[in-house]
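Reading through the structure tokens given below for one structure.
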Amino acid sequence: MFLLDVALVVLALSALPVIWRLAVGPTDADRAAALDLGFFVVLAAMAVLAARLDFPALLDLVLTGTLVAFLATVALARLVYRRPR
């Protein structure tokens, strides 16, 4: 239980650079990468929380979220690639 709590704290701390890059990121590609990483951090936190609370139904949400994250990453990559410079 203690290690899962530590993992949740580490994930929460890893969200701070993501927020910084979303706010400051000089290019849209930086913001898209930060958004993708932030979504991964949220999904990882939900997976750890599912183990911590012994609630496996959250893992279905994590699986669905990974599919949405993949599609969002592809869409953002196409959007950033097509934008004129």
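This one's a predicted model, so the numbers in the text were calculated from it and none came from an experiment.
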Inset, instruction - Heavy atoms only: give me the nearest S14-V41 pair and the separation to one decimal. - result: OG-CG2, 3.8 Å
Legend entry - Heavy-atom check, side chain of D36 versus side chain of L76, under 4.5 Å: no
Inset, instruction - Could you state whether V62 and F55 fall into the same hydrophobic cluster, counting links through intermediate Ile, Leu, Val, Met, Phe, Trp or Tyr residues with side-chain heavy atoms under 4.5 angstrom apart? - result: yes
Inset, instruction - Treating Ile, Leu, Val, Met, Phe, Trp and Tyr as nodes and any side-chain heavy-atom pair under 4.5 angstrom as an edge, say whether V42 and L58 lie in one connected cluster. - result: no
Inset, instruction - State plainly whether one hydrophobic cluster holds both V10 and L4, where clusters connect Ile, Leu, Val, Met, Phe, Trp and Tyr through side-chain heavy atoms under 4.5 angstrom apart. - result: no
Inset, instruction - Consider only side-chain heavy atoms of I, L, V, M, F, W and Y, link residues closer than 4.5 Å, and tell whether L61 and L8 are in one cluster. - result: yes
Inset, instruction - Following the transitive rule for hydrophobic clusters with a side-chain heavy-atom cut-off under 4.5 Å over Ile, Leu, Val, Met, Phe, Trp and Tyr, establish whether M1 and V48 coincide in one cluster. - result: no
Legend entry - Contact check, side chains of P26 and R21, non-hydrogen atoms, under 4.5 Å: yes
Legend entry - Residue pair F39 / A69: nearest heavy atoms and the distance that separates them: CD2-CB, 3.2 Å
Legend entry - Nearest-0.5 Å distance that lies between atom CG in L11 and atom CG in L49: 10.5 Å
Inset, instruction - Calculate, to the nearest 0.5 Å, the distance between atoms CG and CZ belonging to D5 and R52 respectively. - result: 4.0 Å
Legend entry - Shortest non-hydrogen contact between A50 and L59, atoms and distance: CB-CD2, 3.9 Å
Inset, instruction - To the nearest 0.5 angstrom, please state how far the OG1 atom of T73 sits from the CZ atom of F40. - result: 11.5 Å
Legend entry - CG-CG distance between L35 and D30, expressed to the nearest 0.5 angstrom: 12.5 Å
Legend entry - N/O donor-acceptor pair under 3.5 Å between R31 side chain and G25 backbone: yes
